[in-house]
Number of protein chains: 2
Amino acid sequence: MAIERRTTRQKEAIKAVLEEQAGPLLPDDIHRLAVKAVPSLGIATVYRSLKNLQEEGQVCCVEIPGQPPRYERTDKGHHHHFHCRNCGQVFDLQKCVAGGLKSLAPQGFQVTDHEIILYGFCKSCAA
Amino acid sequence: MAIERRTTRQKEAIKAVLEEQAGPLLPDDIHRLAVKAVPSLGIATVYRSLKNLQEEGQVCCVEIPGQPPRYERTDKGHHHHFHCRNCGQVFDLQKCVAGGLKSLAPQGFQVTDHEIILYGFCKSCAA
DNA sequence: GATCTATTGATAAAAGGTAATCACTATCAA
DNA sequence: TTGATAGTGATTACCTTTTATCAATAGATC
């Protein structure tokens with residue numbers, strides 16, 4: 001039998017944080033933000049909830065090279081990310097240049113998907 | 001005073017492996033290949049040499065999201081990578097669509113560099 | 001060849017992020 | 001309200017990659 005899922009303040013707080021925030025967040029960021037709603041929230045619960053939300057398809061993992069995984073809602077559609085070299089924050093990009101990408105692969109290679117990451121300085125840090 | 005650098009069979013073997021191989025390699029791959037030339041080679045020496053070669057600018061680090069760092073020569077110029085979802089190998093791509101990329105960033109964002117990673121199946125694994 | 005000391009190799013240990021444990025709490029159907 | 005049990009929180013354990021340790025080895029200079 002499938003495990004009976006219960007609604008808890010902790011899960012709701014974690015989901016709310018992911019709803020509100022635009023870009024992908026680190027487990028630690030999520031914890032720091034969700035603690036405001038549920039002060040007793042432990043980091044273990046954040047990891048557990050993220051795992052569950054991933055299994056349920058509500059949340060997905062975003063990996064920036066050399067950094068631990070971040071998490072974001074899956075309902076944002078295909079997009080890529082910008083990583084600020086100053087503040088470390090990750091922002092969503094709206095558009096995608098996927099069109100020409102497949103042509104980059106050598107003959108015989110089969111491209112199923114791709115990742116584009118821009119690096120630089122975000123609006124606040126560039127100023 | 002700067003540290004006096006000595007030429008050793010170990011360092012030569014590690015550099016040779018990086019010369020011969022096309023794509024970026026994991027420290028463990030480098031070790032496995034270089035051991036053929038210097039059977040006593042330890043993994044610690046691979047890490048030490050990679051660190052030195054990086055400082056000297058001869059080698060740079062390639063990071064595929066969710067994977068440990070790989071290393072490759074710096075003399076290959078600007079290029080990106082293809083990661084095979086089957087065999088896990090990483091291949092170099094020759095071309096780059098950098099042209100349109102800066103337009104992806106929001107107003108006020110300053111793009112300094114970028115990363116493109118294609119995923120799929122390499123020639124051998126697609127067959 | 002002798003000497004100095006950078007380098008090595010085996011190992012232990014660190015670092016960073018994640019998962020397991022377990023007693024306690026709180027959800028929810030009855 | 002009650003009872004069964006999913007969920008929680010603090011902590012420990014874990015896992016993988018990387019670095020530190022240290023006695024032994026081996027380049028480079030004379």
Side-chain angles (χ1 to χ4, degrees), chain A residues 1-18 24-56 58-72 83 88-90, chain B residues 1-18 24-56 58-72 83 88-90:
Chain A
M1 58 301 188
I3 311 99
E4 171 194 332
R5 285 271 152 88
R6 293 179 184 175
T7 306
T8 67
R9 290 178 310 131
Q10 288 84 343
K11 289 179 198 169
E12 295 303 306
I14 288 166
K15 281 169 73 172
V17 165
L18 289 164
L25 298 172
L26 295 167
D28 210 55
D29 294 328
I30 297 169
H31 181 244
R32 187 164 37 253
L33 291 166
V35 146
K36 292 175 185 171
V38 183
S40 71
L41 181 67
I43 187 67
T45 298
V46 174
Y47 279 103
R48 271 185 296 239
S49 298
L50 286 173
K51 197 176 176 185
N52 291 343
L53 288 168
Q54 256 188 301
E55 283 169 3
E56 293 162 15
Q58 295 188 58
V59 157
C60 66
C61 180
V62 173
E63 306 224 40
I64 304 292
Q67 304 229 355
R70 288 172 165 82
Y71 298 87
E72 68 180 0
H83 182 229
Q89 245 191 290
V90 176
Chain B
M1 58 298 185
I3 310 98
E4 171 193 333
R5 285 270 151 86
R6 293 179 185 175
T7 307
T8 66
R9 291 180 306 132
Q10 289 84 344
K11 290 179 198 169
E12 295 303 307
I14 288 165
K15 280 169 72 171
V17 164
L18 289 164
L25 299 173
L26 295 167
D28 210 57
D29 294 328
I30 296 169
H31 182 244
R32 187 164 39 255
L33 291 166
V35 145
K36 293 176 184 170
V38 184
S40 73
L41 182 66
I43 188 67
T45 297
V46 174
Y47 279 102
R48 272 186 295 240
S49 298
L50 286 173
K51 199 176 175 185
N52 290 344
L53 289 168
Q54 256 187 301
E55 285 169 2
E56 293 164 14
Q58 296 187 58
V59 157
C60 65
C61 180
V62 173
E63 305 224 41
I64 303 293
Q67 303 228 356
R70 288 173 164 81
Y71 297 87
E72 68 180 358
H83 182 229
Q89 246 192 288
V90 176

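Quick note on labels: first sequence line is chain A, next is B, and so on, each numbered from 1. Keep in mind that the numbers below use all heavy atoms, side chains included, and drop hydrogens, waters and symmetry copies. Predicted model, so just to flag it, every value in this text is computed and none were measured.
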Cut-off 3.5 Å, no hydrogens considered: what does the side-chain donor-acceptor table look like for residues 34-53 of chain B, sequence neighbours left out?
{"from": "B:T45", "atom 1": "OG1", "to": "B:R48", "atom 2": "NH2", "distance (Å)": "3.3"}
{"from": "B:S49", "atom 1": "OG", "to": "B:T45", "atom 2": "O", "distance (Å)": "2.9"}

For the residue pair B:R70 and B:G88, what are the closest heavy atoms and their distance?
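Heavy-atom minimum between the residues: NH2-O, 3.2 Å.
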Gap between atoms [atom1] and [atom2], on [X] and [N] respectively (whole Å):
X: B:I14; N: C:dT7; atom1: CD1; atom2: C1'; result: 11 Å
X: A:I64; N: C:dG17; atom1: CD1; atom2: C1'; result: 17 Å
X: A:R6; N: C:dA29; atom1: CZ; atom2: C1'; result: 9 Å
X: A:Q10; N: C:dT27; atom1: CD; atom2: C1'; result: 11 Å
X: A:E12; N: C:dT27; atom1: CD; atom2: P; result: 11 Å
X: A:L50; N: C:dT18; atom1: CG; atom2: C1'; result: 11 Å
X: A:E55; N: C:dA19; atom1: CD; atom2: P; result: 10 Å
X: A:R9; N: C:dT25; atom1: CZ; atom2: C1'; result: 10 Å

Quick check on DNA chain C: between A:R48 and A:I43, whose nearest nucleotide comes earlier from the 5' end?
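Result of the comparison: A:I43.
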Phosphate oxygens OP1/OP2 of C:dT7: is one of them under 4.0 Å from a side-chain N or O of B:T45?
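Indeed not, no polar side-chain atom of B:T45 lies that close.
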Going from [atom1] on [X] to [atom2] on [Y], what distance comes out if it is rounded to the nearest 0.5 angstrom?
X: A:L18; Y: A:I30; atom1: CG; atom2: CD1; result: 4.5 Å
X: B:R5; Y: B:K11; atom1: CZ; atom2: NZ; result: 6.0 Å
X: B:H31; Y: B:L25; atom1: NE2; atom2: CG; result: 13.5 Å

Taking any heavy-atom pair under 4.0 Å as a contact, classify B:K51: base, sugar-phosphate, or nothing.
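Result for B:K51 = nothing.
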Find which nucleotide of DNA chain D each of B:R5 and B:P68 is nearest to by heavy atoms, and output the residue with the more 5' nucleotide.
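Taking each residue's closest nucleotide, the earlier one in sequence belongs to B:P68.
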On DNA chain D, nearest-nucleotide positions of B:T8 versus B:Y71: which is more 5'?
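This one resolves to B:Y71.
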C:dT8, C:dT18, C:dC28: which one has an atom nearest the side-chain heavy atoms of A:P27?
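Nearest to the side-chain atoms of A:P27, counting from C-beta on, is C:dT18.
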Tell me, please, the opening and closing nucleotides of DNA chain D, 5' to 3', among those with an atom under 4.0 angstrom from a non-hydrogen atom of chain B.
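Contact boundaries, 5' end first: D:dT17 to D:dA28.
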Do B:H83 side-chain atoms and B:Q89 backbone N/O form a donor-acceptor pair below 3.5 Å?
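Judged by distance alone, no pair lies under 3.5 Å.
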Can you confirm whether B:C61 sits close enough to B:Y71 that some side-chain heavy atom of one is under 4.5 Å from a side-chain heavy atom of the other?
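Heavy-atom side-chain distance check passes, below 4.5 Å.
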